[in-house]
Amino acid sequence: MKVKLDEKIEPIFQEVIKRNPGEIEFHQAVREVLESLGPVLVKHPEFGHHKIIERICEPERQIIFRVPWQDDKGEVQINRGFRVEFNSALGPFKGGLRFHPTVYLGIIKFLGFEQIFKNALTGMPIGGGKGGSDFDPKGKSEEEVMRFCQSFMIELYRHLGEYTDVPAGDIGVGSREIGYMFGQYKRITNRYESGVLTGKGLDWGGSTVRTEATGYGTVYFVDEMLKMRGESFEGKVCLVSGAGNVAIYAIEKIHQLGGKVVACSDSNGVIYDPKGIDLPLVKQLKEVERRRIKHYAEHHKRAKYVPNGNIWEIPCQVAMPSATENEINGTDAEKLVKNGCTAVGEGANMPTTPEGIRVFLDAGIAYGPGKAANAGGVATSALEMQQNASRDAWSFEYTERRLAEIMKNIHKLCYEVTEEYGTPGNYVNGANIAGFIKVAKAMVALGLV
Ligand code: GLU
């Protein structure tokens with residue numbers, strides 16, 4: 001059953017649906033935030049007066065462009081590029097680029113909208129934005145990926161700048177793609193402007209820990225939630241969906257903290273390894289060979305590969321959805337809770353459906369929504385911007401300490417807000433309210449812009 005929206009907020013939501021037809025993921029992300037905001041308007045009538053909710057739901061600028069490129073056969077291909085510059089009240093637009101065939105405006109807007117609050121929670125001076133393309137990097141040659149990235153940047157570069165808009169990676173965009181885009185930006189502008197993109201390679205302006213940051217940060221966040229309940233990762237059986245950048249480094253940190261990850265996945269199937277996922281093997285398959293996770297089972301006889309399997313049916317104590325949106329539905333959530341799962345930390349953006357969230361909240365388990373739990377990635381991007389601005393490069397240890405501190409602070413901020421608003425431990429409310437208030441206050445201060 002859906003939570004009823006506050007009577008002042010319901011018409012705003014209806015207007016969002018009307019103005020953005022068919023963008024169902026965007027509607028879902030907006031609704032999830034608005035459900036938390038009723039009590040905020042009571043405490044802060046000025047936000048209503050300044051129409052902050054209406055303004056925050058409307059991107060400051062949306063760019064949609066054609067991306068023509070030639071494949072290896074010499075055939076012309078056309079993709080669509082997006083950059084949604086959602087909110088710059090706290091700093092330059094900041095958020096990743098996603099290259100995936102499912103990308104359309106509704107996906108980029110849901111991601112950009114969530115990014116506003118996530119970035120606010122980090123406490124760093126960054127606004128929210130997101131971009132990407134329906135380009136599918138899967139099966140493309142190195143040269144095709146490069147040509148696509150260069151063509152994408154020929155349009156995007158004019159909208160970027162270290163004080164304007166700073167993209168990074170997301171699904172389908174890692175340091176390889178960032179490299180090709182940075183190279184093209186540098187060529188067009190004749191400027192070595194390191195701070196214009198984050199997620200760069202360590203040899204050319206990138207930050208240590210950026211690769212690991214989203215996964216590590218999500219585990220730190222879950223660790224904080226567990227600590228509140230007098231628990232830890234030690235000895236816990238965990239599931240981490242996905243096998244990309246977020247999943248790999250979540251697994252690494254869980255293993256460092258004494259937990260055991262028994263399964264991971266990709267869009268084709270699930271790998272179950274009762275002895276615990278062999279991470280060096282996953283890294284070799286995914287990061288070096290760029291192959292599918294099914295090949296894991298060729299190396300370990302004890303491991304089981306289930307094509308099209310559902311990872312959430314495997315019993316666990318901690319679940320970390322780290323693949324993509326809406327990967328846990330109500331039935332999955334019920335199964336997880338029934339099987340003894342007591343903590344969920346979202347490495348992906350919006351991986352749990354509204355029905356799933358309801359199940360977790362009603363069961364009273366520790367549920368860390370993506371906006372708060374996976375903010376370590378973008379927070380470390382902001383640390384990369386700091387290093388670029390001061391032409392400095394920090395050690396792994398120092399940067400990781402900063403990341404750990406940021407995650408601790410996000411957890412504390414969210415928790416305290418849930419107490420203040422009478423729903424202690426409801427991190428959905430915590431993240432939405434704490435993130436919203438920061439942005440709303442800045443928007444009021446900056447006037448009607
Ligand atoms: N795409 C990541 C996210 O969802 C990181 C964005 C960034 O580093 O700017 O937060």
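Order of listing sets the numbers, starting from 1, for every ligand and every atom in it. Values in this document were obtained by computation on a predicted structure and should not be read as measured data.
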Is it the case that the side chains of [Y] and [X] hold a donor-acceptor pair, with the cut-off being a distance below 3.5 Å and no angle test?
| X | Y | answer |
| --- | --- | --- |
| Asp71 | Gln77 | yes |
| Asn310 | Lys335 | no |
| Glu224 | Tyr415 | no |

Proximal ligand 1 atoms for [X], defined as those under 4.0 Å from one of its heavy atoms:
| X | answer |
| --- | --- |
| Ser381 | 7 (C), 8 (O), 9 (O) |
| Arg210 | 5 (C), 7 (C), 8 (O) |
| Lys118 | 3 (C), 4 (O), 10 (O) |
| Lys94 | 7 (C), 9 (O) |
| Ala168 | 7 (C), 8 (O), 9 (O) |

Minimum side-chain heavy-atom gap [X]-[Y] below 4.5 Å:
| X | Y | result |
| --- | --- | --- |
| Cys57 | Phe113 | yes |
| Glu60 | Val449 | no |
| Glu252 | Tyr216 | yes |

Heavy atom of [X] under 4.0 Å from ligand 1?
| X | value |
| --- | --- |
| Gly169 | yes |
| Glu114 | no |
| Arg98 | no |

Problem set entry | Within reach of ligand 1, part of Asn349 (heavy-atom separation under 4.0 Å) |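 Answer for Asn349: side chain.
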For this session: Specify the protein heavy atom at minimum distance from atom 6 (C) of ligand 1: its residue, its atom name, and the distance to 0.1 Å.
Result: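 The closest heavy atom on the protein side is Gly96 N, 3.5 Å.
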Exercise. Are Glu54 and Arg19 within salt-bridge range, i.e. N to O under 4.0 Å?
Worked result: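 Not counted as a salt bridge, because no side-chain N and carboxylate O are separated by less than 4.0 Å.
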